[in-house]
Amino acid sequence: MSNLYVSVFMDNDGVEKLEEYRMSPGRLVPDTKHFVDEIDIALSCTRFPCITLGNSPLVELYGGVLYEEAEMNLLASKTGREYRYSGNVVFTEHENSEERPLLESTHSDATFSASDEMNLHLLSYPSVPFSSDSGEPKPFTEKSISKPAEISSDSESILDKPIKFLPGLSSRCCRQLENSGFHTVRKLLHHFPRTYADLQNSRDAIDDGQYLIFVGTVLASRGIKASISFSFVEVLVGCEFADGNHNFDDSNKDHSSKQNRIVYLHLKKYFRGTRFTNQSFLRSLQSKYKEGDHVCVSGKVKKLQTEDHYEMREYSIDILDEDGGSNPHAERRPYPLYPAKAGLKPGFLRDIISRALKVVERDIDPIPRMVLSEFNLVDLRDAYIGIHHPRDLDEADSARRRLIFDDFFYLQLGRLFQMLEALGTQIEKEDLLDKYRRQGLNTISNDDWCALTRKFLEALPYSLTPSQLDAASEIIWDLKRPVPMNRLLQRSYWYSGDVGCGKTVVAFLACMEVIGSGFQAAFMVPTELLATQHYEHLLSLLENIKDVDKPSIAILTGSTASKQSRIIRQGLQSGEIDMVIGTHSLIAEKVEFSALRIAVVDEQQRFGVIQRGRFNSKQLYYASEASKINAKESDESANRLYMAPHILAMSATPIPRTLALALYGDMTLTQITDLPPGRLPIDTHVLQSDEGGLENVYKMMLEELHDGGKVYLVYPIIDESEQLPQLRAAAAEFESISDRFNGYQCGLLHGRMKSDEKDHTLQQFRSGEVRILLSTQVIEIGVDVPDASMMVVMNAERFGISQLHQLRGRVGRGERKSRCVLLSSTASSVARLKVLEKSCDGFYLANADLILRGPGNLLGKKQSGHLPEFPIARLEIDGSILQEAHLAALSVLGTSNDLQSFPRLRAELSMRQPLCLLGD
Ligand SMILES: Nc1ncnc2c1ncn2[C@@H]1O[C@H](COP(=O)(O)OP(=O)(O)OP(=O)(O)O)[C@@H](O)[C@H]1O
């Protein structure tokens with residue numbers, strides 16, 4: 001992680017806020033609080049310049065910005081009371097008696113504000129408290145500071161102890177933490193860093209805003225009362241960057257020498273409130289770091305005007321042991337950056353979390369050792385330390401993996417545990433576990449497929465790829481089981497490739513198997529366009545079949561005429577129709593099946609969970625005539641009579657919701673890991689759509705058309721918009737494109753067209769009658785015209801990266817070399833879009849999208865709706881951990897169905913939040 005990147009997102013310090021105020025003359029009423037904050041700092045900086053040593057040059061102040069203000073402030077303070085800030089005293093008398101400023105804070109904010117106040121209550125326990133009245137140390141009362149946790153006295157894990165069990169927290173501080181949702185130690189430890197700053201050793205150039213790490217020697221320290229209610233502490237640390245020996249005491253030494261460069265760090269903390277101007281308080285802070293102490297400092301640097309002098313207001317400082325070891329930042333560790341939460345500042349949270357880590361015992365891990373070693377997981381305590389105080393990014397990564405594993409594991413465990421509990425006999429339990437174990441091995445050879453399926457396979461115009469065959473065998477194995485299948489078919493997470501891996505034919509094979517066994521199939525797609533495409537595709541494949549009865553196939557969508565629709569419904573109810581392809585009309589109340597055995601849900605993420613569930617919950621399944629007869633003959637068939645249909649969901653882009661469904665333990669994954677042969681990578685170009693750019697693209701289109709290709713022109717809108725004049729519109733450009741490409745027929749496709757018009761246009765494009773198809777993003781989902789060879793996306797900046805990737809997948813589906821041109825109307829978007837030139841890996845692009853959209857999600861991505869929240873898992877890339885967690889849960893439950901052999905695991909499971917079940 002580059003420093004540049006990190007620094008962009010850090011809080012500004014007070015000086016910048018002042019500048020902001022100065023630069024906005026239109027602002028009539030200043031934000032008095034900030035104003036006063038800044039004035040206080042400016043004032044103190046002016047009246048108390050940085051520590052200087054011997055006769056070394058005066059250390060000048062922050063980048064000049066403050067001079068003017070500071071001088072003005074100083075004058076003001078000399079002439080009147082304007083800046084004698086007295087109103088905002090932090091503690092009331094009552095509070096004083098209960099809570100005291102304590103001395104070991106490493107809080108990281110420049111000035112002391114309401115929430116910083118708590119930082120001062122954080123002490124390593126015990127410490128020396130101060131009375132506000134006398135300045136004399138006064139013993140803590142039980143009321144003021146909690147005792148060190150009596151952690152391991154009972155069986156409850158420290159993780160689930162209330163936050164007050166952390167040593168040294170004042171009751172006020174506990175309250176604040178609780179109000180912000182940190183009720184337990186676990187909640188606190190699960191507040192993960194949003195990213196890490198890469199602490200650089202600063203031998204090279206030191207730039208403003210960098211997070212750096214230094215090892216040096218304390219040269220001086222002072223605590224200053226700057227005004228009646230404002231104080232600060234400054235520690236001066238000298239760091240030598242050279243091989244020679246430099247004596248810090250020798251202040252006359254030429255410190256600018258290239259060989260013996262010394263960098264001076266002025267660590268400053270500011271306090272507001274009369275209580276903190278107390279001399280004893282300031283003296284004790286001052287004496288905390290003594291001259292000659294060997295220290296490690298890490299944090300954000302700000303250049304001062306004097307060469308080699310830097311100010312740090314956000315920092316951590318640790319006194320190094322004699323041997324220089326055992327301090328968290330000494331070894332250039334990644335520096336955790338936390339998100340603020342409910343008003344609690346990141347620096348404060350960092351302190352409390354460090355404190356919590358110290359009380360976590362070694363033996364807190366409920367997951368059995370055997371599972372940890374089998375899946376190569378770090379111990380839970382190490383994971384907490386690794387995520388909060390990693391030695392390096394690899395350690396953070398292992399920690400993250402372990403914590404994600406936990407999220408997935410307990411969900412899987414809970415779900416499977418519930419399912420096992422519901423079963424009566426041991427045999428049933430074993431059978432269930434068996435179903436989920438080693439899914440990859442559960443395949444059925446195509447010799448054992450039914451005759452219809454085999455004939456269908458033989459009649460295909462191409463051979464299936466090995467992974468298509470494996471996927472079909474795996475699914476057909478499931479179809480032969482007496483337990484309803486709930487399976488997701490998608491392309492593999494891990495291979496780099498585009499969409500179009502050939503799922504449809506695999507699903508067709510599954511449907512054939514069911515039909516060949518005397519049942520019915522339903523195939524639900526999100527758009528009418530796709531329904532027609534699949535319907536026609538299937539009919540064309542069936543045409544080649546010989547020597548078996550061909551199944552009867554129907555199409556049912558919202559546009560099907562009502563008379564036709566009634567006939568189809570009757571056919572489904574009577575069993576005359578074997579398979580229906582359609583949109584969500586298939587799950588309408590009045591659609592009944594005679595013997596529905598499989599429901600395929602294509603592009604399933606487009607359907608709500610509830611819609612998909614309708615296949616399960618409604619009276620869609622009745623036994624076929626054949627199975628009714630069989631039912632009388634065997635118990636097994638009798639069970640089948642009442643079985644819910646198998647569900648085969650398909651997704652081109654696995655998305656979080658999809659994977660979350662998979663988390664529920666009863667949805668299994670089948671992955672296609674290769675592409676049909678002969679596919680060539682798509683050449684992608686990102687261009688700006690100025691005059692020249694557009695002309696170039698039109699030239700490329702013409703070449704493509706001359707060569708016999710077909711072109712998609714994708715527009716963000718249908719008609720021109722007055723509000724967004726920069727956007728090109730499909731309908732508006734139809735004429736001009738037709739004129740320009742005279743001799744090549746153009747077609748128009750968009751969402752406002754009637755269904756049959758859309759089908760007709762797509763059909764024309766497919767047949768080659770239309771060579772240029774102007775469309776909106778309606779083609780994004782599933783449209784398959786294998787010989788379409790070029791796509792131009794207008795105003796590409798209006799689309800998300802993943803969406804563009806999905807659109808681009810409409811070309812390159814055949815053996816012809818294809819290209820995709822993304823035209824951006826703004827120069828600034830070109831860089832963002834360039835990522836598509838480099839990669840055609842959907843997961844990589846989803847990630848890039850996430851990072852481009854902002855750093856807030858670097859470590860975590862929250863889910864919405866009914867789904868559980870995974871604080872750090874990124875479901876689109878953590879699929880392999882999900883699989884491992886699934887196997888681990890099976891392994892544990894295989895050893896002990898009721899978890900009696902793993903009491904801690906059982907306890908942990910019950911501690912975790914109740915499983916949240918999906919919408920329906
Ligand atoms: N084994 C194969 N060999 C050659 N072509 C194939 C093979 N399997 C599928 N195809 C063809 O590849 C194209 C893409 O297949 P399909 O539409 O099933 O992909 P998909 O996985 O559903 O893609 P998407 O999710 O992007 O729509 C189709 O034209 C299909 O006929």
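Numbering of ligands and ligand atoms starts at 1, following listing order.
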> Heavy-atom distances under 4.0 Å are what count here, so tell me which part of Glu780 touches ligand 1: side chain, backbone, both or neither.
neither
> Under a heavy-atom criterion of less than 4.0 Å, does Gly814 contact ligand 1?
no
> Indicate whether any N or O donor in one side chain lies under 3.5 Å from an N or O acceptor in the other, for His534 and Asp602.
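On atom types as modelled, these side chains qualify, holding a pair under 3.5 Å.
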> Hey, does Gln533 sit under 4.0 Å from ligand 1 if you only count heavy atoms?
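Checking ligand 1 against Gln533, which is what was asked, there is no heavy-atom contact under 4.0 Å.
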> Under 4.0 Å from any heavy atom of Thr504, which atoms of ligand 1 are there?
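Taking each heavy atom of Thr504 in turn, ligand 1 has 16 (P), 17 (O), 18 (O), 22 (O) under 4.0 Å.
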> Are a donor atom and an acceptor atom from the side chains of Gln468 and Asp470 found within less than 3.5 Å of each other?
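Result is no, nothing qualifies.
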> Should Gln806 be counted as touching ligand 1, given the test is an N or O pair under 3.5 Å?
no
> If the test is side-chain contact (heavy atoms from CB on, under 4.5 Å), which one of Val711, Leu804, Val811 qualifies with Met791?
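Of the listed options, the one satisfying the test is Val811.
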> Could you see which bit of Asp784 sits under 4.0 Å from ligand 1, with heavy atoms only: side chain, backbone, both or neither?
side chain
> For atom CG of Asp549, decide whether the heavy atoms of other residues, nucleotides or ligands shown that lie under 6.0 angstrom number more than 12.
no
> For ligand 1, which part of Gln468 has a heavy atom less than 4.0 Å away: the side chain, the backbone, both, or neither?
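Looking at Gln468 and ligand 1, just side chain atoms fall under 4.0 Å.
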> Check for me whether Arg810 has a heavy atom closer than 4.0 Å to any atom of ligand 1.
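Right, Arg810 reaches ligand 1.
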> Heavy atoms only: which of Pro786, Pro676, Pro677 lies closest to atom 5 (N) of ligand 1?
Pro676
> For Ser552 and Glu576, indicate whether the former's side chain and the latter's backbone hold a donor-acceptor pair under 3.5 Å.
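Pair found, side chain donor or acceptor close to backbone of Glu576.
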> What closest approach, in Å, do Val821 and Met700 show between heavy atoms, and which atom pair accounts for it?
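Residues Val821 and Met700, closest heavy atoms: CG2-CE, 3.6 Å.
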> Gly502 versus ligand 1: do any nitrogen or oxygen atoms come within less than 3.5 Å of each other?
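Gly502 vs ligand 1: N/O contact under 3.5 Å present.
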> Apply side-chain contact (heavy atoms from CB on, under 4.5 Å) to Arg816 and Glu704, showing your working.
CA-CA 11 Å; Arg816 196 183 159 93; Glu704 194 64 38; 3.0 Å; yes
> What atoms in ligand 1 come closer than 4.0 Å to a heavy atom of Leu464?
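Near Leu464, the atoms of ligand 1 are 1 (N).
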> So is Cys501 polar-close to ligand 1, meaning N/O to N/O under 3.5 Å?
yes
> Identify, with sequence neighbours excluded, every residue that meets side-chain hydrogen bond (donor to acceptor under 3.5 Å, both in side chains) alongside Arg798.
none
> Which of the numbered atoms in ligand 1 are below 4.0 angstrom from a heavy atom of Ser463?
1 (N), 2 (C), 3 (N)
> When the side chains of residues 747-756 are checked against the rest of the protein, which donor-acceptor pairs come out under 3.5 Å, sequence neighbours left out?
unit_1, atom_1, unit_2, atom_2, d
His750, ND1, Arg752, N, 3.1
Arg752, NH2, Asp719, OD2, 2.6
Ser755, OG, Glu528, OE1, 2.3

> Mind running side-chain hydrogen bond (donor to acceptor under 3.5 Å, both in side chains) on Thr684 and Arg808 for me, showing each step along the way?
CA-CA 9 Å; Thr684 304; Arg808 175 172 64 176; 2.8 Å; yes
> Which of the numbered atoms in ligand 1 are below 4.0 angstrom from a heavy atom of Thr465?
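The atoms of ligand 1 under 4.0 Å from a heavy atom of Thr465 are 1 (N).
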> Which atoms of ligand 1 have any heavy atom of Arg679 under 4.0 Å away?
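Per the distance check, 11 (C), 12 (O), 13 (C), 14 (C).
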